[in-house]
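We use all heavy atoms of the structure for the numbers below, so side chains are in, but hydrogens, waters and symmetry mates are not. Atoms within a ligand are numbered from 1 in the order they appear, just like the ligands themselves.
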Amino acid sequence: MIDSLDTYCPECDTNVCSELREQPAKLRVRGDEIDFTETVAICPNCGMEIGDARVEGENLDRAYAIYRARHGIPSPEEIRELREHYGLSLREFSRFLGFGEQTVYRYERGDIPDPTHSLVLEQTKTPQGARQLLAKNRNRLSERSIESIEMALSMPAKELPWARPLPSKLEGQTADAPSAKNGYRAFDPDRALALVYLLAQKCKDLFWTKSQKAIFFADMFACACRGRSLTGLRYAHATYGPVVDGMEGLRYLLAESGIVEFCEQGWGEVLVPNKLPANDPFSEAEHALIDGIADFVNSFNAAREISDFSHELECWQNTTDGQTIDYADASGEVAEAMEARMPSLGDLTAK
Ligand SMILES: [Zn+2]
């Protein structure tokens, strides 16, 4: 994190190396009051708060990201991803959507799409929706663009970059009786939400993919040393490591409950604790375990490292995409590998 910035202090009329500080702030975005953390640049000479376009731009981005997450409005990255999926230029994608020529350009630059435009953008995520748009706006598009859209539409739906399993997949977990698949606990949404909240609070920069590993390690470790998982979640093999089986269902639960906000940061979304869960489902010993897991997650510097660690595990190597990672097969091995990396975790096993 950058904690200083070369800028100009109008008060001292000189270039200074300002100190960057974080503080809670409120901003009104389209009638919504957004609570977020803002960065301010402070002059080291006079102590004045310096207005700097870079810092203010970043603050706006943060507040907008929270607003977007709250209202399910696509981010600039998602819009670009959609456009690239259809292989269109900014102008052609605007025409495809039936927007003004410069509209997508503005949205990819960070402007917040209005509700009607958000719905149209959503529409492009399904082949039926995209076909309707194509039928409606075909005469505005070049032959090359039409061809490009049709090519994208011929792709099997499950391979679409934003294709997500339905939330119902997670709901299906609720009905499961305790077994080796859920760590001998029926899926408990309150526990899952509280665990994610605590990990988001304790782990630095908990990106979504990293959060999947953090939850996996917490559940597997709990199962190995306490005989039961913490949440009853099932896990599956994904290319980049173990994930919650039906993770988009978990994401849906998280978004619904508002206990965390998904905030755009760098190349991904970070989970930021937002609202304390109503009740605390964990015992004192379980809290100690979760603290240990957070220390373990924080012992990795880059997201890459924790991925590499998970790729060394046999339970990941011996499974293929989408296949369940069974607690009975995995938890012992996972706990052992975790303790080998961080011996202090052994104290938790002893209890
Ligand atoms: Zn100054």
Participant: Are any of the side-chain nitrogens in E92 or R95 under 4.0 Å away from the carboxylate oxygens of its partner?
Facilitator: yes
Participant: Out of curiosity, does L345 fall in the hydrophobic cluster containing L198 (side-chain heavy atoms, cut-off under 4.5 Å, transitive links)?
Facilitator: yes
Participant: Run the ring-centre check on F300 versus F309 and record whether the distance is less than 6.0 Å.
Facilitator: yes
Participant: Could you verify whether a donor N or O on one side chain and an acceptor N or O on the other, from T39 and E22, lie under 3.5 Å apart?
Facilitator: yes
Participant: Would you tell me whether Q323 and T320 have side-chain atoms, one donor and one acceptor, within less than 3.5 Å of each other?
Facilitator: yes
Participant: Just say parallel, tilted or perpendicular for the rings of Y235 and F216, cut-offs at 30° and 60°.
Facilitator: perpendicular
Participant: Counting only protein atoms, how many N/O/S atoms are less than 2.8 Å away from the Zn ion (ligand 1)?
Facilitator: 4
